[in-house]
J.: 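After the structure tokens below, expect a handful of questions from me.
Keep in mind it's a predicted model, so treat the numbers as computed, not measured. A, B, ... follow the sequence lines: proteins, then strands. Residue 1 opens every chain.
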Number of protein chains: 2
Amino acid sequence: MFKKRKIDLKYCEYDLTTMEDTRGGFLLPQEETEQKNEQEQVQLVEQGLKCQHCESIDIDVNIYKYYKEQVCLNCKKEKPELYSLLTKTECRQDYLLTESELRDQKKLPVWIKPNPHKSTYSNMLLYLRKQVEQFAFNKYGSEEMLDKEFEKKEKIKEERKVKKHKKQMNELRKKTRTTLWNSRQLEEEHKHDYQQDGDILKCSCGLSVEYEEF
Amino acid sequence: MFKKRKIDLKYCEYDLTTMEDTRGGFLLPQEETEQKNEQEQVQLVEQGLKCQHCESIDIDVNIYKYYKEQVCLNCKKEKPELYSLLTKTECRQDYLLTESELRDQKKLPVWIKPNPHKSTYSNMLLYLRKQVEQFAFNKYGSEEMLDKEFEKKEKIKEERKVKKHKKQMNELRKKTRTTLWNSRQLEEEHKHDYQQDGDILKCSCGLSVEYEEF
DNA sequence: GCTCTTGAAGATCAC
DNA sequence: GTGATCTACAAGAGC
Ligand SMILES: [Zn+2]
Ligand SMILES: [Zn+2]
């Protein structure tokens, strides 16, 4: 019915560590990054870090660097339900997290990247599904509770649309009615039925005038 | 469970027409009003207005004057589910009408009276239950739909309370945790893990500093 | 009892 | 994809 929390690998970065390239000399910015990643990879191996699922030492540099999760490249690919990345907007929409929860890096680590749509747009904020789910399930009590909330919000959203439509229809009808009413005013004069409200006199026709004490 | 749309005669004005008094001369403000009402009552009789329920000519002056409903004093008392008056606040709470709907006198006639709680407070706005119900039932589709909406809002209100409580508990826990964390900082220095976001460098500890290009 | 202020939440749109 | 802006709505304090 609706695309809810679908696992999507759009923003899982290309696996840089499989690329073959070790030449020195001048490097383009991206190549610099690759080299840096490679260095960090070596460091992680030297630290003796192992994947929490399969004990491989082929730790994913970025997942460890930004989210402090030890997982190998293989397990990362095998378990997108844990290690795929979500944009901030997706976190809001799919996991019903708020702006302030997402803003606080102490609650949820974030990987800040240039916006892929246009480089001049605001940076893209990426979160790790595993951490987002843990946070959201805890916030709503359980996955089932989150699902309930989600469906409820969908309903509300739909109702709002219907309501808005209905209101617009009424506005329109009112306008035509008002036009008719105005033309009738030309024939029979309207008698104002003022009521005092503070310093204002109000008529049911909508007119209100200031009240002067004598 | 909750006091919903209970019929309440708090603001049904005292029945002025049964009071015996016809003396002339100087009148106190309230007595003036009574006399005026009496004159208007006579006028209504002369116009040949009759109660829409029992054909009596003993029309309630104020109900006719402010709400344009022809009803006798007796029927008014007999049918509080139609002719009792509601304050604006009650209309909002019991019939889920909005500020803007209630403000517009063309939608719902209103009788403006001094505030009974304190004369310096804002005027009290009284609406006729019959008209309010018609408007609200129409707005929500039916009385049953309105009831549904009402219960839904009650639930939401309750949930908000729970949520607020839970949040406050979390805030408290966080504070104690932060205090512990801060004391640990005295022992082992925190290494900032800055990420660039626009012209700002942000660390996951919350610190952010401006970025200077070199 | 009413209104004003404040705040969280949804929808839109330019970047 | 994001953040700023606008809107409607709810809760609280003061009048
Ligand atoms: Zn592994
Ligand atoms: Zn009658």
Side-chain angles (χ1 to χ4, degrees), chain A residues 8 10-11 85-104 110-127 139 149-150 152-168 171 195-200 202, chain B residues 8 10-13 85-103 110-127 132 139 149-150 152-168 171 195-200 202:
Chain A
D8 189 333
K10 239 185 309 180
Y11 300 110
L85 301 181
L86 300 158
T87 67
K88 181 177 164 183
T89 302
E90 287 173 322
C91 291
R92 271 201 296 105
Q93 294 176 338
D94 296 353
Y95 289 92
L96 309 184
L97 299 184
T98 71
E99 199 66 28
S100 72
E101 287 162 342
L102 261 7
R103 179 157 29 228
D104 185 350
V110 60
W111 182 6
I112 303 170
K113 303 192 80 171
N115 197 307
H117 291 273
K118 214 159 187 297
S119 60
T120 58
Y121 288 1
S122 297
N123 284 330
M124 180 171 61
L125 305 179
L126 292 178
Y127 299 83
K139 172 179 178 181
E149 271 300 311
F150 191 95
K152 201 193 291 182
K153 294 228 179 186
E154 287 291 311
K155 268 189 198 168
I156 292 176
K157 212 181 284 181
E158 189 54 34
E159 282 170 13
R160 235 191 290 272
K161 266 189 187 170
V162 175
K163 206 170 150 190
K164 194 178 170 186
H165 241 176
K166 192 178 173 185
K167 193 180 173 184
Q168 287 176 335
E171 295 282 318
Q195 279 189 73
Q196 188 170 352
D197 183 14
D199 293 335
I200 308 287
K202 290 182 176 174
Chain B
D8 190 334
K10 241 186 307 181
Y11 300 110
C12 279
E13 81 281 29
L85 303 180
L86 300 159
T87 67
K88 181 176 167 185
T89 303
E90 286 173 323
C91 291
R92 272 200 294 106
Q93 294 176 338
D94 296 353
Y95 289 93
L96 309 184
L97 300 184
T98 71
E99 200 65 29
S100 72
E101 288 161 344
L102 260 7
R103 180 157 28 230
V110 60
W111 182 6
I112 303 171
K113 303 192 78 171
N115 197 308
H117 291 274
K118 216 159 185 298
S119 60
T120 59
Y121 289 1
S122 297
N123 283 331
M124 180 171 62
L125 304 180
L126 292 179
Y127 298 83
V132 172
K139 171 179 178 182
E149 271 299 313
F150 190 94
K152 201 193 289 180
K153 293 226 178 187
E154 288 290 312
K155 268 190 199 168
I156 292 175
K157 214 180 284 181
E158 189 54 33
E159 281 169 14
R160 235 192 291 272
K161 267 189 188 172
V162 175
K163 206 171 152 189
K164 194 179 171 186
H165 241 177
K166 192 177 173 186
K167 194 180 173 184
Q168 288 176 335
E171 293 283 317
Q195 279 190 76
Q196 189 170 351
D197 182 14
D199 293 335
I200 307 288
K202 290 181 178 175

J.: Could you check if a side-chain atom of B/L125 sits within less than 4.5 angstrom of a side-chain atom of B/L102, using non-hydrogen atoms only?
T.: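 B/L125 vs B/L102: side chains apart.
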J.: Are any non-hydrogen side-chain atoms of B/L85 and B/K113 less than 4.5 angstrom apart?
T.: no
J.: What integer distance in Å separates A/E159:CD from C/dA11:C1'?
T.: 17 Å
J.: How many Å lie between CG on A/D94 and P on D/dG1, as a whole number?
T.: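 In whole Å, D/dG1 P and A/D94 CG are 11 Å from each other.
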J.: Could you tell me how far apart B/L102 (CG) and C/dC2 (P) are, to the nearest whole angstrom?
T.: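 My rounded result for the distance is 9 Å.
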J.: Checking all strands, does A/R103 fall into the base, sugar-phosphate, or nothing category for heavy-atom contacts under 4.0 angstrom?
T.: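 Here A/R103 touches no strand at all.
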J.: Which whole-number value in Å describes the distance from A/D197 CG to C/dG1 C1'?
T.: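 Answer to the nearest Å: 13 Å.
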J.: For A/Y127, does its backbone N or O pair with a side-chain atom of A/E90 as donor and acceptor, under 3.5 Å?
T.: no
J.: Specify the separation, in whole Å, of atom CD of A/E99 and atom P of C/dA8.
T.: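 Between P of C/dA8 and CD of A/E99: 12 Å.
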J.: So, do B/R92 and B/T89 sit near enough that their side-chain heavy atoms are less than 4.5 Å apart?
T.: yes
J.: Taking atom P of C/dG10 as reference, at what distance in whole Å does atom NZ of A/K155 sit?
T.: 17 Å
J.: In the structure I gave you, are the side-chain heavy atoms of A/M124 and A/L126 within less than 4.5 Å of one another anywhere?
T.: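 Counting from C-beta outward, A/M124 and A/L126 do come under 4.5 Å.
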J.: Mind checking if A/K118 touches a base, just sugar-phosphate, or nothing, with heavy atoms under 4.0 Å?
T.: nothing
J.: I need the CG-P distance between B/L97 and C/dC2, as an integer number of Å.
T.: 13 Å
J.: Which is true for A/I156 with a 4.0 Å heavy-atom rule: it touches a base, it touches only sugar-phosphate, or it touches nothing?
T.: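 Here A/I156 touches no strand at all.
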J.: For every nucleotide of nucleotides 4-15 of chain D, 5' to 3': is a protein heavy atom under 4.0 Å from its base (B), only from its sugar-phosphate (S), or from neither (-)?
T.: -----SSSS--B
J.: With heavy-atom distances below 4.5 Å as the criterion, would you say the side chains of A/E159 and B/E149 are in contact?
T.: yes
J.: Do the side chains of A/E154 and A/K157 get nearer than 4.5 Å, heavy atoms only?
T.: yes
J.: In whole angstroms, how far is the P atom of C/dT12 from the CZ atom of A/R92?
T.: 13 Å
J.: From the list D/dT2, C/dT3, C/dG1, which nucleotide is the closest neighbour of the side chain of B/K88?
T.: C/dT3
